[in-house]
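Below, each value reflects all heavy atoms present in this structure, side chains not excepted, and no hydrogens, waters or symmetry copies. All of these numbers come straight from a predicted model, not from anything done at the bench. We count residues from 1, following the sequence as given.
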Amino acid sequence: MIGPLEILAGLAIMLGLMFLGFHVATTMLVVGLLGSLIHFGMPAINAVGEQLWAAGEDYLLLSIPLYILLGEILMRGGATDKMYQSLGQWLNRMPGGLLHTNIGASALFSAVSGSSVATAATISTVALPAFKNRNYDQRMVLGTIAAGASLGNLIPPGVAFIIYGSMTNTSAARLYMAGILPGAIMTVLFLLTILAICVWRPSVAGIREGRTALAEKLRHSVHLLGPLAVFAVVMGGIYTGWATVTESAALGVIVCLPIAAGYRKLNVSMLHECFRSTMRLTAMTALILVAALYLNFVLSMLGVPQALASLIKSADVSPIMLLWMLAALYLVLGIALETMPMLVGTLPVVFPIVQAAGIDPVFFGVFMVLMCEISLISPPIGMTLYVIQGVRGEGSINDVFQGTLPFFVAMVVMTAILIHNPWIATYLPNLLFGK
């Protein structure tokens, strides 16, 4: 068993290499191999292949490419365009106009895509042209898109929940249910942020949108049925126990196909592009994940969980204080690291500490995903900020940075709410599945 100083040294080396720009998978694998070589020699090095194969055999991980494919089909099948237009008719009369539509559309797309980056790219592509000839403040437009995209993993089905569940042996179904209330509260906080800013400075919302007849709103609401049907099939299958998380993802893909066909976008070329994009994103995610799981294996052999548990027991730190300390750590890390490095790079070290403190692993999963989502809108590294600027193709990235600041504050407020009210995450899972 190694001591706390050696653990911190290893973590510092790993994070330092990431800060220097080394690929996160390479960094974690190198640290894991060094730990094996120093403490166990060649037998542990020879176990690399076996561990990587075992990691790749996890049935739950098969759902990752399926959820990515699901979002790709909806996006390329034309469903998101129509969904955005329909939501715009319902929300554009609120103070802030179409700014609310960015949040609503992101929340709805997040409920079927499971990816914050995919949500950012999709909503940017649809939303930015809609604001071209309207007198909205560009920074607010960009900020609302970035904020909405941060719901991508928090609102189920999120890929981050699958990775967390796989690494900690936590039920993905419980994690999905746990994300519903925090995701809804986060959406409301974003909408209230827009309302407050637009009441304070009405000029940021431009000219108020014209009224749309109720009959026309209802007629266009048919375009919301596709994404809602996908969400109902995926989450309904999981919560009723009729299908596993992976099987529900496959059912969601099947439901997306007739939706794309209904918009006359379903063809071989479209599916080819969906499959290519899915393979690229899955390969990137899987490489990081298997490296993290090997590092987890090495840390377990070194007795890191036991060492950290002993450290927590010897320190007089309450669970709430521990969560605030971790929140401060992740807010700092989010400035320089993306979601995946933060999640898989720190979880093997942090999770044993959390277990020793008696913190519910389902609640902590929601907390971790929220922290990772904050990193996505934290300058200067936030991935979604650069995705939005890339789709925008003009102006300065500083506009995106400034636009996200009010929503960054809203997410910090959400963190405080969650830390002091953990039942928000645990109520629904306990209600459905028992304690």
Side-chain angles (χ1 to χ4, degrees), residues 1-61 64 159-170 283-314 322 326 329-330 333 336-357 359 361 364-365 368 371-372:
M1 183 181 294
I2 62 175
L5 290 178
E6 292 177 280
I7 296 170
L8 291 175
L11 182 62
I13 291 171
M14 184 172 64
L15 295 177
L17 290 173
M18 290 180 188
F19 285 145
L20 292 174
F22 286 87
H23 192 276
V24 61
T26 304
T27 300
M28 288 188 292
L29 192 58
V30 166
V31 172
L33 291 172
L34 282 174
S36 297
L37 187 61
I38 293 170
H39 292 277
F40 303 108
M42 286 308 297
I45 300 292
N46 293 334
V48 172
E50 182 181 344
Q51 290 300 315
L52 296 187
W53 180 265
E57 278 192 318
D58 190 343
Y59 179 67
L60 178 64
L61 299 182
I64 293 177
V159 171
F161 281 133
I162 297 173
I163 294 173
Y164 175 89
S166 178
M167 293 184 67
T168 61
N169 291 319
T170 305
M284 178 180 66
T285 303
L287 179 63
I288 295 172
L289 187 56
V290 295
L293 291 173
Y294 176 72
L295 178 61
N296 219 348
F297 162 73
V298 174
L299 293 178
S300 297
M301 290 181 63
L302 290 171
V304 170
Q306 295 87 338
L308 293 174
S310 300
L311 181 65
I312 288 298
K313 288 177 181 177
S314 64
L322 175 61
L326 291 175
L329 170 66
Y330 283 118
L333 289 179
L337 293 177
E338 297 169 8
T339 298
M340 194 64 72
M342 277 182 57
L343 179 62
V344 300
T346 62
L347 196 55
V349 176
V350 169
F351 190 68
I353 299 176
V354 170
Q355 281 185 307
I359 296 172
F364 188 68
M368 277 291 295
M371 291 296 97
C372 291

Could you tell me the separation between the [atom1] atom of [X] and the [atom2] atom of [Y], rounded to the nearest 0.5 Å?
X    : Y    : atom1 : atom2 : answer
M371 : L329 : CE    : CG    : 10.5 Å
I359 : L322 : CD1   : CG    : 4.5 Å
M167 : I162 : CE    : CD1   : 14.0 Å

For F351 and Y164, take the angle between the two ring planes, folded into 0 to 90°, and tell me which bin it lands in: parallel under 30, tilted 30 to 60, perpendicular over 60.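 Rings of F351 and Y164: perpendicular, as their planes differ by over 60°.
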Side-chain touch [X]/[Y], heavy atoms, less than 4.5 angstrom:
X    : Y    : result
I353 : L326 : no
P361 : Q355 : no
F364 : T168 : no
I163 : I64  : yes

Closest non-hydrogen atoms of C372 and L343, given as atom of the first, atom of the second and distance, are SG-CB, 3.8 Å
S36 side-chain N/O to G32 backbone N/O, donor-acceptor pair under 3.5 Å: yes
Among L37, L29, V30, whose side-chain contact (heavy atoms from CB on, under 4.5 Å) with L33 holds?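 When L37, L29, V30 are each tested with L33, the side-chain contact (heavy atoms from CB on, under 4.5 Å) holds only for L29.
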